[in-house]
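Report on one structure; see the data block that follows.
Computed from a prediction, not measured in an experiment: that's the story for all the values here.
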Amino acid sequence: QVQLVESGGGLVQPGGSLRLSCAASGIYSSINAMGWYRQAPGKQRELVAHITSGGSTNYADSVKGRFTISRDNARNTVYLQMNSLKPEDTAVYYCNADVSSRYYTRRSDYWGQGTQVTVSS
């Protein structure tokens, strides 16, 4: 029903920047909140940043002041601008969307396939 496709990951040196994008497509009524999560090997998936349909945001303490989440509702796309990257930011980053069904009174979470971010010198 809904597909989320991430892009923008890669290898970057400490202190560098990357911009992740996640585009939603498929059949749905509306996208409510969207967010970025990350998961390092052997660790739990954790919230990085979250944005509501109205534009309210929140961030993990570890990325506050360095990362910025934004969304373009017309393009059904959420972005994560990552600045001052640190080695501990290395993880697979996953896009998440809280989606309302086109045909049913229900909401569902959808996940992208993930994009690798590696911060290393």
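In this structure, the separation between OH on Y79 and OG on S7 is 9.0 Å, given to the nearest 0.5 Å. To the nearest 0.5 Å, atom CG of residue L18 and atom CD of residue Q81 are 8.5 Å apart. Taken to the nearest 0.5 Å, the OG1 atom of T57 stands 14.0 Å off from the CZ atom of F67. Distance check: N73 CG to R75 CZ gives 12.0 Å after rounding to the nearest 0.5 Å. Taking OG1 of T77 as the start and CE of M34 as the end, the distance is 7.0 Å to the nearest 0.5 Å. To the nearest 0.5 Å, atoms CG (L47) and CG (N58) are separated by 6.0 Å.
Relative orientation of the W111 and Y94 rings is perpendicular, given thresholds of 30° and 60° on the angle between their planes.
Other residues, nucleotides and ligands contribute at most 12 non-hydrogen atoms within 6.0 Å of the CZ atom of R102. Within a 6.0 Å sphere centred on CD of Q44, heavy atoms belonging to other residues, nucleotides or ligands number 12 at most. Counted within 6.0 Å of CD on Q113, heavy atoms from surrounding residues, nucleotides or ligands total 12 or fewer; the atom is thus considered open.
Side-chain contact check for S101 versus S108: every heavy-atom pair is 4.5 Å or farther apart. Between V63 and R38 there is a side-chain heavy-atom pair separated by less than 4.5 Å. In this structure the side chain of I31 reaches within 4.5 angstrom of the side chain of R71, judged on heavy atoms.
Hydrophobic clustering, with ILVMFWY side chains joined whenever heavy atoms are under 4.5 angstrom apart, keeps L20 apart from V92.
L4 approaches C22 most closely through the heavy-atom pair CB-SG, 3.8 Å. Pairing each heavy atom of A33 with each of H50, the nearest pair is CB-CE1, 3.2 Å. Scanning both residues, A49 and L80, for their nearest heavy atoms gives CB-CD1, 4.1 Å. Taking every heavy atom of both residues into account, T90 and V119 meet most closely at OG1-N, 2.9 Å. Closest approach of I69 to Y59, counting heavy atoms only: N-OH, 2.9 Å. Pairing each heavy atom of S17 with each of N83, the nearest pair is OG-OD1, 2.9 Å.
Although no hydrogens or angles enter the test, the distance criterion places a donor-acceptor pair under 3.5 Å between the side chain of E6 and the main chain of G114. Not a single donor-acceptor pair under 3.5 Å links the side chain of T115 to the backbone N or O of Y93. Side-chain N or O atoms of Q39 include none that pairs as donor or acceptor with a backbone N or O of A91 at under 3.5 Å. Side-chain atoms of S30 do not come within 3.5 Å of backbone N or O of N32 as any donor-acceptor pair. Using a distance-only test at 3.5 Å, with no hydrogens or angles considered, a donor-acceptor pair links the side chain of R66 to the main chain of S84.
Here the rule is side-chain contact (heavy atoms from CB on, under 4.5 Å) with Q1, and of Y28, Y110, Y103 only Y110 fits it.
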Problem set entry | Trace of the side-chain contact (heavy atoms from CB on, under 4.5 Å) decision for C95 with W36 | CA-CA 5 Å; C95 179; W36 288 95; 4.0 Å; yes

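Look at K86 and D89 and you find no salt bridge, because none of the NZ, NE, NH1 or NH2 atoms lies under 4.0 Å from a carboxylate O.
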